[in-house]
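See below for the structure under consideration.
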Amino acid sequence: MHHLLLSPMTWALLWMAVAWMSWRRGRAWWRVVLVAAGLAIVLLCTPLGANALIRVVESHVPTDARCGAGDAGAPIVVLSGGLADEPRAQDDYIALMPASWRRLRGGVALWRSGPPVPMVIAGGGPFAIKEATVLSRLAQDWGIPAAMLSEETQSTTTWESAMALRGTLPARVRVVSSATHLPRAVVAFRAAGFTPCAVASDSAFVPMGSVGYFMPQLSAMQKTQLALYELAGTVSYRWKAGRSKAE
């Protein structure tokens, strides 16, 4: 349901319905509001608007949550990015969403760049074979020793992943995920008592290119929806974190 509510296409349809019903009877200021809202929706359907919004989301990782040279010995936590289909075996890698591939690739590259440290892959999912299990097998194929790997397979959200790892790792951990997802992840891990530093496996931001950057595109609508989902998720996690402190 949230995907429908956050879709620019839904907003466009609502805008057209409101404009059709109220344009003739609306006052001048209301027509200005309608025109401005319509232009904003069109902008968010273009790569220009979508990437501007992505840049805002990805810049919300706090400065003190950035990893430094002194964090090379901290354990690595890779947050899974979901499954596209039910895995039929532990090495059914085609069932992984592209986000999961990218996040694991980032985690493996980070592991290779420093001394050997434990790597935890977090993510459960609704199926018998869990996301973390498939990713763990893929990590081994990419050269991570099985003795260095562990899985968190009970969670279905980032918040649950952070809470499930409480007491199993030291306070300082390196959290690997997509740049758009990291602000929300940092909030969750801080609420769970960690002092996380964030490592981006990839970025959804695409710089300005051809004239198509200014034209409405389906991919831009999907990117806007992703950005709005992460913004809403970060706000929700901050609220939950505040409630947890109050309790």
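Positions are given from 1 along the sequence.
- Of the N and O atoms on the side chains of His181 and Thr158, at least one donor lies less than 3.5 Å from an acceptor on the other residue.
- The closest side-chain heavy-atom distance from Arg190 to Pro196 is below 4.5 Å.
- A donor and an acceptor atom, one from each side chain of Ser203 and Glu58, are located under 3.5 Å apart.
- Between Trp101 and Tyr93, the angle of the ring planes goes over 60°, which puts this pair in the perpendicular group of the 30/60° scheme.
- For the 3.5 Å distance criterion, the side chains of Thr133 and Glu151 qualify, holding a donor opposite an acceptor.
- Note that OG of Ser201 and CG of Leu182 are 7.0 Å apart. Values are rounded to the nearest 0.5 Å.
- By the ring pair (Phe, Tyr, Trp, His ring centres under 6.0 Å) test, Phe205 pairs with no residue at all, sequence neighbours left out.
- A 4.5 Å side-chain heavy-atom check between Phe194 and Val175 finds every atom pair outside the cut-off.
- Separating the CG atom in Asn51 from the OG1 atom in Thr224 is a distance of 8.5 Å, to the nearest 0.5 Å.
- Evaluation of the disulfide (SG to SG under 2.5 Å) test over residues 105-200, restricted to residues two or more places apart or in two chains, returns Cys67-Cys197.
- A 6.0 Å sphere centred on CD of Gln154 holds no more than 12 heavy atoms belonging to other residues, nucleotides or ligands.
- Both the sub-6.0 Å distance and the 45° axial angle are satisfied by Arg31 relative to the ring of Trp23.
- A search for side chain to side chain contact (heavy atoms under 4.5 Å, CB included) contacts involving Val117 returns Ile76, Trp111, Arg174, not counting sequence neighbours.
- Side-chain contact between Pro47 and Val206: absent, with no pair of heavy atoms (C-beta onward) separated by less than 4.5 Å.
- Taking 4.0 Å as the cut-off between side-chain N and carboxylate O, Arg137 and Asp92 do not count as a salt-bridged pair.
- Counting only N and O atoms by type, the side chains of Ser178 and Arg103 include a donor and acceptor under 3.5 Å apart.
- The closest side-chain heavy-atom distance from Arg184 to Glu230 is below 4.5 Å.
- Side-chain contact annotation: Glu131 with Ser80, donor-acceptor N/O pair under 3.5 Å present.
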